[in-house]
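Heavy atoms only: backbone and side chains are in, while hydrogens, waters and symmetry mates are out.
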2 protein chains.
Amino acid sequence: MSAGIRIELNHKLYLRDPDQTDLGRAILKESIRLIDELGFEQFTFKKLAQCIHSTEASVYRYFENKHKLLLYLVSWYWNWLDYRICYHTHNVADAAERLRIFIRILAQYQIKEQLSSYLDIESLSRIVVVEASKAYLTKEVDNDNNNGLFQDYKSLCHKIAMVVLELNPSYPYPHALVSTLFEAARKQWFFSQHLPSLTEVKGTQQGQESNLVQFLTHLAFDAIKGTNFSPVS
Amino acid sequence: MSAGIRIELNHKLYLRDPDQTDLGRAILKESIRLIDELGFEQFTFKKLAQCIHSTEASVYRYFENKHKLLLYLVSWYWNWLDYRICYHTHNVADAAERLRIFIRILAQYQIKEQLSSYLDIESLSRIVVVEASKAYLTKEVDNDNNNGLFQDYKSLCHKIAMVVLELNPSYPYPHALVSTLFEAARKQWFFSQHLPSLTEVKGTQQGQESNLVQFLTHLAFDAIKGTNFSPVS
DNA sequence: CATCTATAATAGTAATACTATCACCCACAC
DNA sequence: GTGTGGGTGATAGTATTACTATTATAGATG
C-alpha cells in the first residue's frame, strides 16, 4: 500500500513479508538505523525489539536470524540500485554513456533523490559499504546461493556486463570487471573514510565530481578498450 | 627458535607473543585449521582450546579476543607475502616485470613453496580470501588503525604503488589501483569458487597460468598505461 | 631451596541466539 | 453473536558465547 517504488524480493529471504505489515516495516526501518549505528556484529534482535517497542519473538517471526535480515536489506539495495540505473539510462542509446551513468550511480553514497521509500537510503548505503560483503563471506554461501538469495546482485552484474560486451564484444572478462567495479566502489569509499593511506580517493568532495567516479571510470574504460590484450590462448 | 623465516608483528596484536612458546605456536597452528574449517563466525576460543588440549583462559592470555587473533593471522600473511615478493623481485630491474611477478604471487592461492614455517600456508591463504575483509569492516577500524594494526597491509600496498608510479609517474591513483588489485584478487577467487556467475575467472586451472592472473594483469597495465586519461581538473 | 612464571582446572557472569507457551486482540465468516 | 485464525505481546527458558577470576601445580631460574 505504500506509495512510490515497490520492491519484490525472493521470499526465501524472510519468514513473513516485512513489507506487508506495520511491524514488518518498523523492523526494516529501525534495523537499518541500528545496524548503521552499532555495526552488524553488535546489532541484535533484542536491541531492535526494544527500539520498536516490540519483542524478540515477534522479530523472529519475520526473519529467521539476523543474517537473513542482512541479506534482505542488501538485496533490497541492489534492487533499488537497479531501479535507479534503469531510470537514468532507459533512453540513453550510447553504451559508453550508459556505463558512465552506471558508475556514477554506483559510486554515489550520499544520496539526494529519495524516490519515496519509507527506508532511509543514505543509512542503507552506508550499511552496504561496510556490511554487504559479510552477506556472502560465510560458510553458508553455497546454500544461500542455491536458494537464490544473491540473485539480485548477480542479475545486476550481468546486466552491466552486457553493456561492457556491447562496448567491446571481445573483452574476455565482462562479469569479472563489473563485479570488481562493484566491490571496488564500496571498498575505495570505505578506505577513503577509514584507511585513507590505501587510496587516493577522497570521500569529502563537494562541487566537482568525486574522484571515486573518475578512478572507476578510467579503470573500466581502460580495461574495456585495453590495448594490452593479447588473445587468450 | 623455529627454523625458516621469522616474522615480527606489531606487539599490540597480542597480549603474549604466540611465536615464543609451544602453546602460542599451537594456538596459531590450530586456529588456522579451525577457522578454515568452521569459518570465523563459528570459530570460538573454547573449541580451539579443546583442539589443543588446553583451556579457554590460556588462549585469552595470548589474544584479547578472536578478532585480534584474526588481525594477527592476516598481518602475518601480508608479511609473508611481502617476504615472497621481495624474494622473487629483489634482482629484477624492470618495473613492469616486478609488477607482473607481484600479481602472480598475489593471485596464487594454492601454494607449493612452504618456506619452512610451522603454519599451514595454504589453509591461511583460504582464510585470507574469506575472512581478511572482516578484519577491518568493523566499528573498531579507526581505533585499530590508530594502533597500527593494519600497518603491514598498508606498507605492502605502498610498496607496490611505488612500482606503479615507476611505470607511470603521472598515474593519479597508484594506491587505489593496488588496493583494488589486492581486494579483487581475493574476491574474484572467492567468486570463482562460490558465485561463478559473477566472474569469468576459473579456480581450477592446471598447467596454464590462471586467468585470474591474466585478468588482474590486464586490469593493472591497462589502467597504468591508460590512454583514457584526461588531466585531473 | 625459594621464587617466579606459565599453564591447567574450575567456576562464574552477562550477553547472545534462539525456542516455546500462553493470552490477547482483531478481522472476518457463519 | 459466536467461533475461528492470524498476528502480536509477555514471559520464560536453553545452549552457547565471550569473557573474567581464583586457585593449584609443574617447571625453569636464581
Side-chain angles (χ1 to χ4, degrees), chain A residues 1-2 11-31 34-35 37-73 131 134-135 138-140 143-144, chain B residues 1-2 11-31 34-35 37-73 131 134-135 138-140 143-144:
Chain A
M1 296 302 160
S2 73
H11 70 279
K12 288 194 178 175
L13 286 166
Y14 50 80
L15 298 173
R16 199 194 304 296
D17 188 351
D19 201 37
Q20 298 295 322
T21 68
D22 284 338
L23 181 61
R25 286 185 287 267
I27 288 173
L28 295 181
K29 190 173 169 60
E30 205 61 18
S31 66
L34 253 190
I35 294 175
E37 182 188 330
L38 303 175
F40 187 64
E41 282 74 24
Q42 304 308 314
F43 167 83
T44 70
F45 277 3
K46 183 167 218 156
K47 292 172 186 169
L48 172 61
Q50 279 162 359
C51 284
I52 59 179
H53 306 291
S54 179
T55 64
E56 225 182 329
S58 295
V59 179
Y60 274 104
R61 286 193 198 99
Y62 283 84
F63 292 100
E64 213 178 315
N65 50 52
K66 70 174 182 171
H67 184 248
K68 287 280 166 60
L69 171 57
L70 178 63
L71 280 166
Y72 183 98
L73 295 176
E131 321 288 1
K134 299 172 190 170
T138 72
K139 284 286 169 185
E140 287 79 42
N143 195 33
D144 288 346
Chain B
M1 296 298 161
S2 73
H11 70 279
K12 288 193 178 174
L13 287 167
Y14 49 80
L15 298 173
R16 200 194 301 297
D17 188 351
D19 201 38
Q20 298 295 322
T21 68
D22 284 338
L23 182 62
R25 286 184 287 268
I27 288 172
L28 295 181
K29 189 173 169 57
E30 205 62 19
S31 67
L34 253 189
I35 294 175
E37 182 188 331
L38 304 175
F40 187 65
E41 282 74 24
Q42 305 307 315
F43 166 83
T44 71
F45 277 3
K46 182 166 218 158
K47 292 172 186 168
L48 173 60
Q50 280 162 357
C51 284
I52 58 179
H53 305 292
S54 179
T55 64
E56 227 181 326
S58 295
V59 179
Y60 274 103
R61 283 193 206 96
Y62 283 85
F63 291 100
E64 214 178 314
N65 49 53
K66 70 172 182 172
H67 184 247
K68 286 282 164 61
L69 172 57
L70 178 63
L71 279 166
Y72 183 99
L73 294 176
E131 321 287 1
K134 299 172 189 169
T138 72
K139 284 285 169 185
E140 286 78 42
N143 195 33
D144 287 346

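Between A/D144 and A/K68 there is a side-chain heavy-atom pair separated by less than 4.5 Å. Residues A/L70 and A/K66 are not in side-chain contact: their nearest non-hydrogen atoms beyond the backbone lie 4.5 Å or more apart.
A nucleotide of DNA chain C counts as in contact with chain A when one of its atoms lies under 4.0 Å from a heavy atom; the first and last such, 5' to 3', are C/dT16 to C/dA20.
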With B for base contact, S for sugar-phosphate-only contact and - for none (protein heavy atoms under 4.0 Å), nucleotides 11-30 of chain D reads ------SBBBB---------
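A close approach under 4.0 Å does not occur between any side-chain nitrogen or oxygen of A/S58 and OP1 or OP2 of D/dT8.
Between B/F43 and B/F45, the ring planes are perpendicular. Angles over 60° get that label, and only those under 30° would be called parallel.
Atoms CD1 (A/I52) and C1' (D/dA10) sit 15 Å apart, rounded to a whole Å. For A/R16 and D/dG5, the CZ to C1' distance is 12 Å, given to the nearest whole Å.
Note that CD1 of B/I27 and OH of B/Y60 are 11.5 Å apart. Values are rounded to the nearest 0.5 Å. Here the CG atom belonging to B/L28 is positioned 11.0 Å from the OH atom belonging to B/Y14, to the nearest 0.5 angstrom. Between B/L15 atom CG and B/R61 atom CZ the span is 11.0 Å, to the nearest 0.5 Å. One finds the CD atom of A/E37 at 7.5 Å from the SG atom of A/C51 (value rounded to the nearest 0.5 Å).
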Evaluate the criterion salt bridge (charged side-chain N to carboxylate O under 4.0 Å, His left out) for residue pair B/E41 and A/K139; output intermediate values, then yes/no. CA-CA 9 Å; B/E41 282 74 24; A/K139 284 286 169 185; over 6 Å; no
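As judged by a 4.0 angstrom heavy-atom cut-off over every strand, A/F63 is placed among residues making no nucleic acid contact.
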